[in-house]
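Here's the structure, in structure tokens; my notes come after.
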Amino acid sequence: PSEEEMKKLLQSAKNITTSFSQTEIQNIINNKSISIIHFAKGTYNLEMVLYGKQGIGLKISRQMTIILDKGVVFNVTGDPYKNITSYSAIRIVGVNATKEKPLNIFGTLEINGNRNPAIDKTYSGEWGMGLALYSSHYVNIQEINSYDNHGDGIYFASLGGEKNMFTDEE
């Protein structure tokens, strides 16, 4: 967006700072009456929340606009190996946005997976993703830097029975 468009977006955004807990942030993301979220500069620590055996830091499942100040880092903390088969620091799943109203993430999305080489000798494979995008349509991410994950920095997949997210074909 242009500088003027960004100013308008920021005026109506729900502002999030590092003082917010992960639960508070997830509740804001889930609140359908909030369509624009602004993350202030800082490091946001993400523990993996269990969904079955999947660990997820933050889950996005709807159309919205997320604005990230320069210097926002999502940092995987705790023991990402504990009781999980895989994790995603940020998981975008089932977003049925439209071309006119996409899921937008403006700014640089930076994710530190906190890979631990000492522990990696015990746990092999690619099972920790920075950003995992499943079965979603019209997702715009301006810029991403995902590093030190136990798997892919960015992972794209369909959950089955869905149209191809790149071509809209079955």
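The basis for the numbers below is simple: all heavy atoms, side chains too, and nothing from hydrogens, waters or symmetry mates.
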May I ask you to decide if [Y]'s main-chain N or O and [X]'s side chain share a donor-acceptor pair within less than 3.5 Å?
| X | Y | answer |
| --- | --- | --- |
| Thr18 | Gly42 | no |
| Ser61 | Val93 | yes |
| Gln54 | Tyr87 | no |
| Gln63 | Thr98 | no |
| Gln142 | Gly107 | yes |
| Asn149 | Gly130 | yes |

Can you check side-chain contact (heavy atoms from CB on, under 4.5 Å) on Met64 and Ile66, steps first, answer last? CA-CA 7 Å; Met64 64 189 331; Ile66 298 173; 4.1 Å; yes
Considering only heavy atoms from C-beta outward, does the side chain of [X] approach that of [Y] to under 4.5 Å?
| X | Y | result |
| --- | --- | --- |
| Lys70 | Lys41 | no |
| Tyr155 | Ser88 | no |
| Asn112 | Val76 | no |
| Ile29 | Ile37 | yes |

To the nearest 0.5 Å, what is the distance between [atom1] on [X] and [atom2] on [Y]?
| X | Y | atom1 | atom2 | result |
| --- | --- | --- | --- | --- |
| Leu103 | His137 | CG | NE2 | 12.5 Å |
| Thr43 | Leu46 | OG1 | CG | 10.5 Å |
| Ile25 | Leu58 | CD1 | CG | 6.0 Å |
| Arg91 | Ile60 | CZ | CD1 | 12.0 Å |
| Ile144 | Ile111 | CD1 | CD1 | 4.5 Å |
| Asn96 | Arg62 | CG | CZ | 13.5 Å |

Side-chain donor-acceptor pairs under 3.5 Å in residues 9-17, sequence neighbours left out?
from	atom 1	to	atom 2	distance (Å)
Ser12	OG	Leu9	O	3.3
Asn15	OD1	His38	ND1	2.7
Thr17	OG1	Ser19	N	3.3
Thr17	OG1	Ser19	OG	2.8

Is [X] linked to [Y] within one hydrophobic cluster, defined over Ile, Leu, Val, Met, Phe, Trp and Tyr using a side-chain heavy-atom separation of less than 4.5 Å?
| X | Y | value |
| --- | --- | --- |
| Ile154 | Val72 | yes |
| Ile34 | Tyr44 | yes |
| Ile105 | Leu133 | yes |

Specify the closest pair of heavy atoms between [X] and [Y], including all atoms of both residues, with the distance to one decimal.
| X | Y | answer |
| --- | --- | --- |
| Leu68 | Leu109 | CD1-CA, 3.6 Å |
| Ala89 | Met48 | CA-CE, 4.2 Å |
| Ala97 | Pro102 | CB-CA, 3.7 Å |
| Ser136 | Gly94 | OG-N, 3.2 Å |
| Val73 | Tyr147 | CG1-OH, 4.3 Å |

Is the distance from the ring center of Phe74 to that of Phe39 below 6.0 Å?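 Phe74 vs Phe39: aromatic centres under 6.0 Å.
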If we count only N and O atoms by modelled type, under 3.5 Å, do the side chains of Thr77 and Asn75 hold a donor and an acceptor together?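 Judged by distance alone, the side chains do not pair up.
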Can you see whether Glu5 engages Ser2 through a side-chain donor-acceptor pair at a distance of less than 3.5 angstrom?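 There is such a pair between these side chains.
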Looking at Tyr138, I'd like to know if the NZ or CZ of Lys101 sits under 6.0 Å from its six-membered ring centre while staying within 45 degrees of the ring's axis.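 No cation-pi geometry.
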